[in-house]
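For reference, the structure is listed below as structure tokens.
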There are 2 protein chains.
Amino acid sequence: MTRMPQATESNADALPRQQRTYSIGELAQIFEVTPRTIRFYEQEGLLAPSRQGQKRIYREKDRVRLKLTLRGKRLGFSLAEIREVVMMYDAMPDGNARQLKRLLELLEDKRANLARQLEDIRLMRLEIDDVDQRAREVLRQLEDTP
Amino acid sequence: MTRMPQATESNADALPRQQRTYSIGELAQIFEVTPRTIRFYEQEGLLAPSRQGQKRIYREKDRVRLKLTLRGKRLGFSLAEIREVVMMYDAMPDGNARQLKRLLELLEDKRANLARQLEDIRLMRLEIDDVDQRAREVLRQLEDTP
DNA sequence: CAAGCACTTTACGTTAACGTAAACCTCGTC
DNA sequence: GACGAGGTTTACGTTAACGTAAAGTGCTTG
């Protein structure tokens, strides 16, 4: 029982199974990246779209994956880090205890990382505000004395 | 809680101007980077230590610069971005109005960036917590059925 | 004085994350 | 049937941010 593509999650809403799909170009436009980037993410194991002949077909799940990936990137995570979490998440349903515990550790790591980032943001904001103040003052001086 | 080295900024007030200095090795140790990194930042215009003969001498100002640089890095900024702000800040005292306004724009950009990061962190935390929950559940199931 | 650090410059190497270009399908449309 | 708009693979190029190695300088310590 490796994988059941059918009805997996709790999102088994009453919706009819008419999944919306995307071409690579559409997805690229939505997230303002190039198709190259999306193919690259696939090559790196972050996406696994199905095919229709030769063409890649992206479902909602893939779109969400991409969204999460890009969010991770904006936060400075490497693709390797992102993949690690994503793959563990996928392996979760039939994962053994060791893997699950490893996943929990990983998550704790990420949490710590985010916490530090929050602090960094706080400090950087203070500095930016400070520089802003000074700049405005100097500017006022300049404009007050023609 | 990354343990800060003793000397803080606020205790420098009434002290005579006997600036403490650092060698490149000391600085590297403090911030847990290699000397190579510090030299590279200098080459990229982010630091400008004075010299004593051939050796680089770092003052408090340089240390702060490095600290800010590394903080920027942790937040995913490129060295180029960091340098831009740093250089404008340096040029402030005798900057003309146009430069100052440009600086204010830059700061606004950074602020927006940080705001988005905050939102990204918020969302990512939610997801992490969610994955955590699921993992714990699966784990409990596993351990409940030997 | 030899040895050992800590520092220096110079220069080539490496990795991640794509960009760019070439050469090829495949489909609808003019 | 020519063609343009999308898609595909393959492969080499590029950039940022350092790592690493070689060869030299200067101090101080056994």
Side-chain angles (χ1 to χ4, degrees), chain A residues 20-59 62-63 65-87 109-110 113 117 120, chain B residues 5 20-59 62-63 65-87 110 113 117 120:
Chain A
R20 205 218 137 156
T21 70
Y22 307 84
S23 74
I24 194 171
E26 287 170 333
L27 222 51
Q29 211 168 347
I30 291 177
F31 290 105
E32 299 182 313
V33 298
T34 70
R36 172 65 171 116
T37 297
I38 299 183
R39 291 198 198 96
F40 182 72
Y41 289 172
E42 175 178 352
Q43 178 184 326
E44 294 299 299
L46 288 165
L47 297 173
S50 50
R51 299 289 180 121
Q52 187 167 270
Q54 194 168 224
K55 298 188 172 172
R56 293 171 171 82
I57 302 296
Y58 299 89
R59 306 240 155 69
D62 301 307
R63 193 186 58 87
R65 272 274 186 93
L66 181 52
K67 191 178 67 180
L68 296 183
T69 299
L70 293 174
R71 181 179 298 154
K73 285 235 62 191
R74 284 198 302 272
L75 291 177
F77 294 106
S78 73
L79 294 184
E81 290 175 295
I82 297 170
R83 177 182 44 201
E84 200 173 13
V85 176
V86 161
M87 287 181 65
D109 272 20
K110 299 300 169 193
N113 212 314
Q117 290 211 31
D120 282 338
Chain B
R20 202 215 139 156
T21 70
Y22 307 84
S23 74
I24 194 170
E26 288 170 333
L27 223 51
Q29 211 170 348
I30 291 176
F31 290 106
E32 301 182 312
V33 298
T34 70
R36 172 65 171 117
T37 297
I38 300 182
R39 291 198 197 97
F40 181 73
Y41 289 173
E42 175 178 354
Q43 179 183 325
E44 294 298 300
L46 288 165
L47 297 173
S50 49
R51 298 289 181 121
Q52 188 167 270
Q54 194 168 224
K55 297 187 173 172
R56 293 171 172 82
I57 302 294
Y58 299 89
R59 307 236 154 68
D62 301 306
R63 193 187 59 86
R65 271 273 187 94
L66 181 52
K67 191 179 68 180
L68 297 182
T69 299
L70 294 174
R71 182 179 297 154
K73 285 234 63 190
R74 284 199 301 272
L75 291 176
F77 293 107
S78 72
L79 294 184
E81 291 176 295
I82 297 170
R83 176 182 45 201
E84 199 172 15
V85 176
V86 161
M87 288 182 66
K110 299 300 169 194
N113 212 315
Q117 290 211 32
D120 282 339

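Below, chains carry the letters A, B, ... as their sequence lines are ordered, and counting in each starts from 1. These figures come from a predicted structure and were not determined experimentally.
- Taking atom NZ of residue A/Lys55 and atom P of nucleotide C/dC27, one finds them 7 Å apart after rounding to whole Å.
- Counting heavy atoms from C-beta outward, A/Ser23 and A/Lys55 have side chains that stay 4.5 Å or more apart.
- Between the C1' atom of C/dT9 and the CD atom of B/Glu42 lies a distance of 12 Å, rounded to the nearest Å.
- If you take CZ of B/Arg83 and C1' of D/dT15, they are 13 Å apart, rounded to a whole angstrom.
- The closest side-chain heavy-atom distance from A/Arg63 to A/Tyr58 is not below 4.5 Å.
- Counting to the nearest Å, the P atom of D/dA16 and the CZ atom of B/Phe40 are 8 Å from each other.
- Out of C/dC18, D/dT8, D/dC18, the shortest distance to the side chain of A/Arg56 is found at D/dT8.
- Taking every side-chain heavy atom of B/Thr37 into account, D/dC18 is the closest of C/dT8, D/dC18, C/dA17.
- For B/Gln54, the side-chain atoms get nearest to C/dT8 when compared with the rest of C/dC7, C/dT8, C/dG19.
- Straight-line distance from the CD1 atom of A/Ile24 to the C1' atom of D/dA5: 15 Å, rounded to whole Å.
- One interatomic measurement links the two molecules: CZ of A/Arg36 to C1' of D/dG6, which rounds to 18 Å at whole-angstrom precision.
- Toward the 5' end of DNA chain D, the nearer of the two residues A/Glu26 and B/Lys73, judged by each one's closest nucleotide, is A/Glu26.
- With a 4.5 Å cut-off on side-chain heavy atoms, B/Thr34 and B/Phe40 do not count as touching.
- Regarding A/Ile82, its CD1 atom lies at a distance of 12 Å from the C1' atom of C/dA16, rounded to whole Å.
- Applying the 6.0 Å contact sphere to CD of A/Gln52 captures no more than 12 heavy atoms from other residues, nucleotides or ligands.
- For A/Thr34, taking side-chain heavy atoms from C-beta onward, the closest of the listed nucleotides D/dC18, C/dG19, D/dG19 is C/dG19.
- Listed candidates were C/dC18, D/dT8, D/dA17. Nearest to the side chain of A/Arg39 is D/dT8.
- Nearest to the side chain of B/Ser78, among C/dG19, D/dA17, D/dT8, sits D/dA17.
- Distance from the side chain of A/Arg51 is smallest for D/dT9 among the nucleotides D/dT9, D/dG7, D/dC18.
- In this model, the phosphate group of C/dC18 is approached by a side-chain N or O of A/Tyr41 to a distance below 4.0 Å at OP1 or OP2.
- Listed pair B/Ser23 / C/dC7 meets the phosphate criterion, a side-chain N or O lying under 4.0 Å from OP1 or OP2.
- What separates CG of A/Leu79 from P of C/dT15 is a distance of 16 Å, to the nearest Å.
- Dense packing is recorded around CD of B/Glu26, with more than 12 heavy atoms of other residues, nucleotides or ligands lying under 6.0 Å away.
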